[in-house]
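A short write-up of the structure that comes next.
Lettering follows sequence order; numbering is per chain, from 1. All values below come from the heavy atoms of this structure, side chains included, with hydrogens, waters and symmetry mates left out.
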4 protein chains.
Amino acid sequence: MATNNPAPPDSTRRSERSRRAIYDAAIALVVEVGYPKTTIEGIAARAGVGKQTIYRWWPSKADVLLEAFLDLSEQAARAAGQEPESGGAYGIPDTGDLAADLKLVLRATVDELRDPAFEAPSRALAAEGVVNEELGRRFVAQLLEPSLQLYVDRLRSAQEAGGVRPDVDPRIALELFVSPLAQRWLQYTGPISYEYTDTLVDYALNGLAPR
Amino acid sequence: MATNNPAPPDSTRRSERSRRAIYDAAIALVVEVGYPKTTIEGIAARAGVGKQTIYRWWPSKADVLLEAFLDLSEQAARAAGQEPESGGAYGIPDTGDLAADLKLVLRATVDELRDPAFEAPSRALAAEGVVNEELGRRFVAQLLEPSLQLYVDRLRSAQEAGGVRPDVDPRIALELFVSPLAQRWLQYTGPISYEYTDTLVDYALNGLAPR
Amino acid sequence: MATNNPAPPDSTRRSERSRRAIYDAAIALVVEVGYPKTTIEGIAARAGVGKQTIYRWWPSKADVLLEAFLDLSEQAARAAGQEPESGGAYGIPDTGDLAADLKLVLRATVDELRDPAFEAPSRALAAEGVVNEELGRRFVAQLLEPSLQLYVDRLRSAQEAGGVRPDVDPRIALELFVSPLAQRWLQYTGPISYEYTDTLVDYALNGLAPR
Amino acid sequence: MATNNPAPPDSTRRSERSRRAIYDAAIALVVEVGYPKTTIEGIAARAGVGKQTIYRWWPSKADVLLEAFLDLSEQAARAAGQEPESGGAYGIPDTGDLAADLKLVLRATVDELRDPAFEAPSRALAAEGVVNEELGRRFVAQLLEPSLQLYVDRLRSAQEAGGVRPDVDPRIALELFVSPLAQRWLQYTGPISYEYTDTLVDYALNGLAPR
DNA sequence: TGTTAACCGAGACGGTACGTCTCGTCTTGCG
DNA sequence: CGCAAGACGAGACGTACCGTCTCGGTTAACA
């Protein structure tokens, strides 16, 4: 019997200009004043847009920010795609030396985590996701999991090459070095450095027990 | 110098009864309606207390909840102390079998993470801590770090017994199995189970590379 | 120069329904609980209106009440206009007998001062006007002075007819019988009755000294 | 069965110093910030007195101010009594020329009404009295009526001397020139000047009608 | 090419909560 | 026991945003 609640808006007539302005305003405000002080009224005012234009297309502040951040990531990706040398998040290099490859990528992640332009909206979304399961799952599915999948791929390649035991589940294995970094960043449980991530890779590959 | 602006209240005259009522109301509301819908007005009303009594003693909603949660933990700890068999958070058992001991404690943690009475306030505080560095650090220092220290102790004991390589930094090592669990819980990046934590311990101790 | 700070609201979009509800609620509350216990929150709640709708259009409680009372007077006036026999506030009768005409009107005023529906808000505004000069002057200009002007007109007519000395200033002369009644009512300096106002007219017209 | 409500305080142990300080603080605050912004907390703080000391002895802010003002008047009276030449409010001169005597006293009243030290508390009390009948009646009985009685006395003397008709009620007669001045002052219905009060006396004594 | 239906900006509306202020009561030492 | 001090329960203050609801105005696609 079809959805009949508030009559869904006609997305073909949507103003692209407004959408862009809203994304930009949302990101800018989160960076400038933080997520809790970013309000829908503020976004609308900054974007030069009526409040209803936001409420028409997004159900909540968190959703605006999630889309804005996805958009930002795509832009960054497109920009990165232009300079194809950068391994970046687009495929983990496979030099045959697993430890070296992982250390390289984690060092790049450390750099990214320290970039204020990414940090503020990332934290905002992560925090909202902690407390709002639905958004959290979307955040993970759309932003986190694709990146983690790259580790899965690299670990599987290493398994084929004999550098990782074949009975190891790569999806769990990657957490041994990714999650510690994530937790230190999210919860301020410790400092983040290249040395630290290098150590994580070594511990994870070699284990804590004597060989 | 000396006394400054708002004249700090005289803590010797503080009403113990009000403090307790505020703790209880805060925890109850977070469990019932979630952190964002928990308001200071609501806490005050539920506790049968004037709003000013909250503003007098705490600077923000997050601080109320942090203290309330600390208090809750202490109560739980005291209760646990009554039944001294429970290893609980008070020291990790040391049977000589490191893997078994860690698995046991992580299974207990899994249970705790699933207890709704702990989950709601924990998430609320963790989320606020992600976005509010000062609170995050206090959350870690007062709640998380003491627990992690127990792992440090147990790992050091294992190092002396030869079950862990002597060059390993225990504070980092513990993150190999604790952080993955934390991240799955915080960010819904994957399911949580006894099997999962058992696997984490095995991977961390033995490493991913073939031996 | 030109438009300054808080951006004045667009009065064309104002809700007539809300305005009416606010007037009614304000008058009702002043009658029921008195001026000091009439709060903006109370008016808003009673009118089924958001507080901001009051703060948007009026700068203070006193202003709300002044307008509400002006509105009430206009309503009463329109109602009185329907029954055109009533001299009421709309012109003092001019039968040629000045004393009789004044006594008649003052007796009507006595009745009005005793009507509880008028008394509570009138007192409230008068009291506020005593202590708040700006409001007091508006109260006088918009409510009191128009009524007093009717006496001026009647006295001038009497001067033309020779019943009042031509050198008398009617604006002052009217105070001889109007102000005593006003003061007794405002300050409880004495009882109010037809006999009293009749006496005032006689004393004022004939003077205290023997003729 | 005697009043037994809150156990009446023992007035013999009352602190005279506190009472004085409270009077002074109350008057000073009303003059400085106006009656509505004068709070009990503010009086207590300024007087260096506990709030309870005020609540113990007075039922309301208005009562404090009424007593403070009565006290002030007594002080002023005692001061005036020292310089016995001043006719002041203490007896209206009786030179035989009623009009001249009244004009003189009313001119002194005009001066008093313009003295800011008297104006602020007088207005405050008058305003409160408009809206609070009980206080209003006490204000009149203790402050106003004694002054008015002096006019009664002078008018009676004039009646004996034949300057005022014997059938005139002096208590009403005095209102012909006193109330207009009172109303202009209270309600800002017109300017106050010597010329104005002189005119009032002339009109009242001679009447408005031609002789 | 003129009509019309939508999205658009703007912002008023009924509400909720904020953090502050003051009320009048209650509690705790000091003298 | 009166007092200074001030914490307390209560609740109004005026502000900021919430999410909904009109308002014209513009801007397509259709007639």
Side-chain angles (χ1 to χ4, degrees), chain A residues 6-7 9-15 17-18 21 37-45 47-57 59-61, chain B residues 6-7 9-15 17-18 21 36-42 44-45 47-57 59-61, chain C residues 6-7 9-15 17-18 21 36-45 47-57 59-61, chain D residues 6-7 9-15 17-18 21 37-42 44-45 47-57 59-61:
Chain A
D10 176 352
S11 51
T12 68
R13 312 193 52 177
R14 185 167 182 182
S15 160
R17 144 190 267 279
S18 293
K37 289 196 171 175
T38 297
T39 66
I40 297 221
E41 299 220 343
I43 296 172
V49 139
K51 285 199 296 175
Q52 197 66 309
T53 301
I54 299 183
Y55 285 109
R56 183 153 34 227
W57 301 109
S60 76
K61 178 172 78 165
Chain B
D10 177 351
S11 51
T12 66
R13 319 191 59 181
R14 186 166 181 183
S15 162
R17 146 189 265 279
S18 293
K37 290 195 172 177
T38 296
T39 66
I40 297 223
E41 297 218 343
V49 138
K51 286 201 291 177
Q52 200 56 38
T53 300
I54 299 183
Y55 285 109
R56 183 153 33 227
W57 300 110
S60 76
K61 179 171 76 164
Chain C
D10 177 351
S11 51
T12 67
R13 318 192 62 184
R14 185 166 182 183
S15 162
R17 147 189 266 278
S18 293
K37 290 194 172 177
T38 296
T39 65
I40 298 223
E41 297 220 340
I43 296 171
V49 138
K51 284 201 292 177
Q52 201 55 42
T53 299
I54 299 184
Y55 286 110
R56 184 153 32 230
W57 301 110
S60 75
K61 181 170 75 165
Chain D
D10 176 352
S11 51
T12 66
R13 310 194 50 178
R14 185 166 182 183
S15 160
R17 142 190 268 279
S18 293
K37 289 195 171 175
T38 297
T39 66
I40 296 221
E41 300 220 342
V49 140
K51 286 200 296 176
Q52 202 55 35
T53 300
I54 299 183
Y55 285 110
R56 184 153 31 228
W57 301 110
S60 77
K61 179 171 77 166

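Here D/Gly42 lies out of heavy-atom contact (under 4.0 Å) with every strand. Note on A/Thr12: nothing from the nucleic acid sits closer than 4.0 angstrom, heavy atoms only.
Within the 4.0 Å cut-off from OP1 or OP2 of F/dC3, not a single side-chain nitrogen or oxygen of D/Arg13 is found. Contact annotation: A/Trp57 reaches the phosphate of E/dC8 (side-chain N/O to OP1 or OP2, under 4.0 Å). Close to E/dC21, at under 4.0 Å from its OP1 or OP2, lies no side-chain N or O of D/Thr39.
With E/dC13, F/dC13, F/dC18 as the candidates, the nucleotide lying closest to the side chain of C/Glu41 is F/dC13. For D/Thr53, the listed nucleotide lying nearest its side chain is F/dC3; candidates were E/dA5, F/dA7, F/dC3. Here the side chain of B/Tyr55 is nearest to one of F/dC18, E/dG19, E/dA12, namely E/dG19. Minimum atom distance to the side chain of D/Val49 is reached by F/dA4, of the listed F/dC13, F/dA4, F/dA7. When distances are taken from the side chain of C/Arg14 to each of E/dC23, E/dC13, F/dC18, the shortest belongs to E/dC13. Listed nucleotides: F/dG14, F/dG19, E/dC23. Nearest to the side chain of D/Lys51: E/dC23.
For E/dC8, the base has no donor-acceptor partner in the side chain of A/Gln52 [N/O atoms by modelled type, under 3.5 angstrom].
Atom-to-atom, CZ of D/Arg56 to C1' of E/dT27 comes out at 13 Å; the value is rounded to the nearest Å. Between the CG atom of C/Asp10 and the P atom of F/dT22 there is a distance of 16 Å, rounded to whole Å. Going from atom CZ of A/Arg17 over to atom C1' of F/dT27 covers 13 Å, rounded to whole Å. Atom NZ in A/Lys37 sits about 15 Å away from atom P in E/dC18, given to the nearest Å. Atoms CD1 (A/Ile40) and C1' (E/dG11) sit 16 Å apart, rounded to a whole Å.
Open room surrounds CZ on B/Arg17; 12 or fewer heavy atoms of other groups in view lie less than 6.0 Å from it.
Expressed to the nearest 0.5 Å, how far OG1 of D/Thr12 lies from CZ of D/Arg14 amounts to 11.5 Å. Taken to the nearest 0.5 Å, the OG1 atom of A/Thr39 stands 11.5 Å off from the NZ atom of A/Lys37.
When each of A/Pro59 and C/Lys61 is assigned the nucleotide of DNA chain F bearing its nearest heavy atom, the one mapping closer to the 5' terminus is C/Lys61.
Contact detail for D/Ser60 and D/Ile40: the closest heavy-atom pair is C-CD1, 4.5 Å.
For C/Lys61, there are no salt bridge (Lys or Arg N to Asp or Glu O under 4.0 Å) partners, not counting sequence neighbours.
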